[in-house]
Amino acid sequence: MPSGAYALATLISGKTYVVPAWIEVPTDTKYEDIEIIGKPAKPVANRKELQIKSSSGKTYKVVLDSHLGNSCDCVGYMYHRNCRHIKQAAECNK
């Protein structure tokens with residue numbers, strides 16, 4: 001077990017918990033009784049930042065992110081949460 005990763009805490013109510021997850025365990029549980037089965041996997045985001053030139057010649061920053069979602073710094077995205085620049089960036093990214 002990683003040192004200091006988990007600990008037992010007994011509160012005033014007399015209940016015992018494994019922290020930081022605050023999982024209630026029997027009162028007589030010892031630190032040695034705790035078995036770590038595995039850490040949950042963090043999602044791996046596929047993130048790309050692209051510069052897309054609009055038909056007017058202005059350049060916008062488009063972020064394609066599989067975890068947080070796509071975004072663009074244009075006014076259309078600000079109001080509609082979608083825009084042609086994201087579609088264009090997705091096409092270029094294929």
Could you tell me the separation between the CD atom of E24 and the OG1 atom of T29, rounded to the nearest 0.5 Å?
10.0 Å

Closest non-hydrogen contact found for V62 with A89 is CG1-CB, 3.7 Å

When rounded to the nearest 0.5 Å, the distance separating NE2 of H80 from SG of C72 is 12.5 Å

Is there side-chain contact between K53 and K58, with at least one heavy-atom pair below 4.5 Å?
no

Look up atom SG in C83 and atom CD in Q88, then write down how far apart they are to the nearest 0.5 Å.
9.5 Å

Path from Y31 to V25 over hydrophobic side-chain contacts below 4.5 Å
yes

Is the closest side-chain heavy-atom distance between R47 and H67 below 4.5 Å?
no

Between the main-chain N or O of N70 and the side-chain N or O of Y77, is there a donor-acceptor pair closer than 3.5 Å?
yes

Could you measure the distance from the CD1 atom of I52 to the NE2 atom of H85? Nearest 0.5 Å is fine.
8.5 Å

Passing candidate, side chain to side chain contact (heavy atoms under 4.5 Å, CB included) with S71, options V63, N82, L64:
V63

Can you measure from OG1 (T59) to CG (D73) and round to the nearest 0.5 angstrom?
9.5 Å

